[in-house]
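Some notes on the structure that comes next.
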Amino acid sequence: MARSVFYYHLKRLNSKDKYENERKTIGSIFHEHKGRYGYRRVTAELHNRGYKINHKTVQRLMNEMGLKCKIRKVRYRSYKGEIGKIVPNIIERNFIAAAPNRKWATDVTQINVGAAKLYMSPIVDMFNGEIVSYSISSSPNMDQVYDMLDKAFAKFDCLDGLILHSDQGWQYQHYGYRKRLEERHIVQSMSRKGNCLDNAIAENFFGIMKSELLYAEKFETPEAFIMALEEYIELKPV
C-alpha cells in the first residue's frame, strides 16, 4: 500500500470527514469505470447524481484517496478558433429537461479500433439520455454532422423551441449547420471555450459507452465495432 493511501485512511479514522458521502461516491464511480475516469469526468458524473461539488475539490479528494486515471488519451478536439459564429451558452449546465425534445446535446468523439480511427457524432436527449440519432465516419466532417441532423429531423414533425447544445467546435460554427437549425426553429447553444463540463451530458455518454463497450471488448475491425455499437444503442436503457 502506498504511503499516501495509508495516511489517508489513518486520517479518516481519527477525524470526521464532511466529504464522506462524496468520497464513497467518487470511489464507486472510479471503480465502476475501471480507473479510466479522471477528476473532470468524475465531477461530471457527480453532478449527474445530484452532488454540488467543484472539480478542484474532486481532484483533491481523488489525490488523497490515491485514485489516478490509468489512461491518458489524446482527445479529439474540434475547436479551431472562431471560424464562424459563436452563440451564447443558453443551457448553463442546467441539464434537466421537463419533457423529450426540449434539450439536446451533441459532440464528436474519436474512437480507436486498432490502428483505425472512427468518429462518432450523436445527439443525446437531456430528458432521459436517449440517443436520438448518431453517425459514424472515418473522418470528422460536415457530411457526418448533416447525416446526424437529418436522421433526427426525420423522426419529428415539429421541433420548434428545442435547444441543441454543443461545444464551440468548427462544425457547430459552420453556416450550414446553423442554417439547418434555424429552418427547424431550433435554438443553438454553445459551451464556453475549453470547458468540457458545460457539455457534460455528451461527455458522460462517451465515457460510459467507451467503458461498457469499446474497452470491455476486443474488436478486430472497425466494422465489428460499428455493428456492436448499433446493438449497444438499441439496448441502451432510457
Side-chain angles (χ1 to χ4, degrees), residues 28-42 44-45 48 67-80 100-101 104-156 164-167 169-172 174 176-177 180 196 199-238:
S28 177
I29 293 170
F30 184 83
H31 294 299
E32 282 174 14
H33 296 281
K34 301 180 181 179
R36 298 187 179 104
Y37 271 23
Y39 71 93
R40 292 189 181 277
R41 282 191 168 178
V42 171
E45 181 61 20
N48 290 337
L67 302 179
K68 186 175 182 181
C69 181
K70 298 177 181 178
I71 300 174
R72 291 192 175 273
K73 310 182 193 72
V74 178
R75 295 182 63 244
Y76 164 71
R77 298 185 184 278
S78 60
Y79 183 73
K80 296 182 179 179
N101 304 329
W104 288 355
T106 188
D107 200 352
V108 176
T109 190
Q110 178 178 305
I111 297 167
N112 297 326
V113 181
K117 292 181 181 180
L118 298 173
Y119 296 86
M120 180 184 186
S121 177
I123 291 177
V124 186
D125 195 317
M126 296 189 194
F127 175 67
N128 55 9
E130 177 184 359
I131 305 305
V132 179
S133 69
Y134 71 96
S135 62
I136 292 284
S137 175
S138 58
S139 64
N141 53 56
M142 288 309 303
D143 287 340
Q144 174 185 30
V145 174
Y146 291 156
D147 180 54
M148 173 194 71
L149 290 178
D150 291 343
K151 289 175 180 175
F153 293 166
K155 292 183 177 181
F156 308 102
L164 181 49
H165 184 74
S166 69
D167 60 18
W170 65 270
Q171 299 99 322
Y172 314 119
H174 195 278
Y177 176 85
R180 290 191 181 215
C196 65
N199 200 12
I201 295 295
E203 291 283 348
N204 186 57
F205 165 71
F206 291 149
I208 293 174
M209 180 273 292
K210 290 180 180 181
S211 293
E212 294 181 343
L213 180 65
L214 180 62
Y215 303 141
E217 301 181 31
K218 182 175 177 60
F219 298 99
E220 299 295 336
T221 65
E223 292 75 18
F225 172 79
I226 292 171
M227 291 180 61
L229 177 65
E230 182 177 356
E231 182 179 2
Y232 176 81
I233 296 295
E234 289 179 354
L235 296 176
K236 184 179 183 296
V238 298

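Ring geometry for Tyr37 versus His33: interplanar angle under 30°, hence parallel rather than tilted (30 to 60°). The aromatic rings of Trp104 and Phe156 lie tilted to each other, with the angle between the two planes from 30° to 60°. Between Tyr232 and Phe205, the ring planes lie tilted relative to each other; the angle falls in the 30° to 60° range.
Within 6.0 Å of CE in Met142 there are more than 12 heavy atoms belonging to other residues, nucleotides or ligands.
Between Pro222 and Ala116, the shortest heavy-atom distance links the atoms CG-CB, 3.6 Å. Of all the heavy atoms in Ala152 and Ile123, the pair that sits closest is CB-CD1, 3.9 Å. Minimum interatomic distance between Tyr177 and Thr106 (heavy atoms only, all atoms of both residues): OH-CG2, 3.9 Å.
The distance from atom SG of Cys196 to atom CD of Glu203, rounded to the nearest 0.5 Å, is 5.0 Å. We find the OG-CD distance between Ser121 and Gln144 to be 5.0 Å, quoted to the nearest 0.5 Å. Here the straight-line distance linking atom CE of Met120 with atom CD1 of Ile226 works out to 10.5 Å at 0.5 Å rounding. Distance CG/Leu149 to OG/Ser133: 7.0 Å, rounded to 0.5 Å. Annotation: the span from Ile131 atom CD1 to Lys151 atom NZ amounts to 12.5 Å, rounded to 0.5 Å. Distance check: Gln171 CD to Met148 CE gives 9.0 Å after rounding to the nearest 0.5 Å.
Counting heavy atoms from C-beta outward, Leu118 and Gln110 have side chains that stay 4.5 Å or more apart. Between Ile111 and Phe225, some side-chain heavy-atom pair lies under the 4.5 Å cut-off. Side-chain atoms of His165 and Asn199, non-hydrogen and from C-beta on, do get closer than 4.5 Å to each other. By the 4.5 Å heavy-atom criterion applied to side chains, Phe219 and Leu213 are counted as neighbours. Proximity of His31 to Leu67: side-chain heavy atoms (C-beta onward) are separated by under 4.5 Å at one or more points. Using a 4.5 Å cut-off on side-chain heavy atoms (C-beta onward), Val124 and Glu130 make no contact. Side-chain contact between Ile233 and Tyr134: present, with at least one pair of heavy atoms (C-beta onward) separated by less than 4.5 Å.
For the pair Ser166 (side chain) and Tyr172 (backbone), a donor-acceptor distance under 3.5 Å is absent. Although no hydrogens or angles enter the test, the distance criterion places no donor-acceptor pair under 3.5 Å between the side chain of Lys117 and the main chain of Ser138. Of the possible donor and acceptor atoms, none in the side chain of Ser137 sits under 3.5 Å from a partner among the backbone N and O of Pro140. Side-chain atoms of Asp125 come within 3.5 Å of backbone atoms of Asn101 as a donor-acceptor pair (strictly under, hydrogens ignored). Of the possible donor and acceptor atoms, none in the side chain of Asn128 sits under 3.5 Å from a partner among the backbone N and O of Pro100. With Asn141 contributing its side chain and Ser139 its backbone, the two residues share a donor-acceptor pair below 3.5 Å.
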Go through Val113 and Glu220 one step at a time and tell me if the side-chain contact (heavy atoms from CB on, under 4.5 Å) criterion holds.
CA-CA 7 Å; Val113 181; Glu220 299 295 336; over 6 Å; no
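Geometrically, Arg180 does not engage Phe153 in a cation-pi contact, judged by NZ or CZ lying under 6.0 Å from the ring centre and within 45° of the ring axis.
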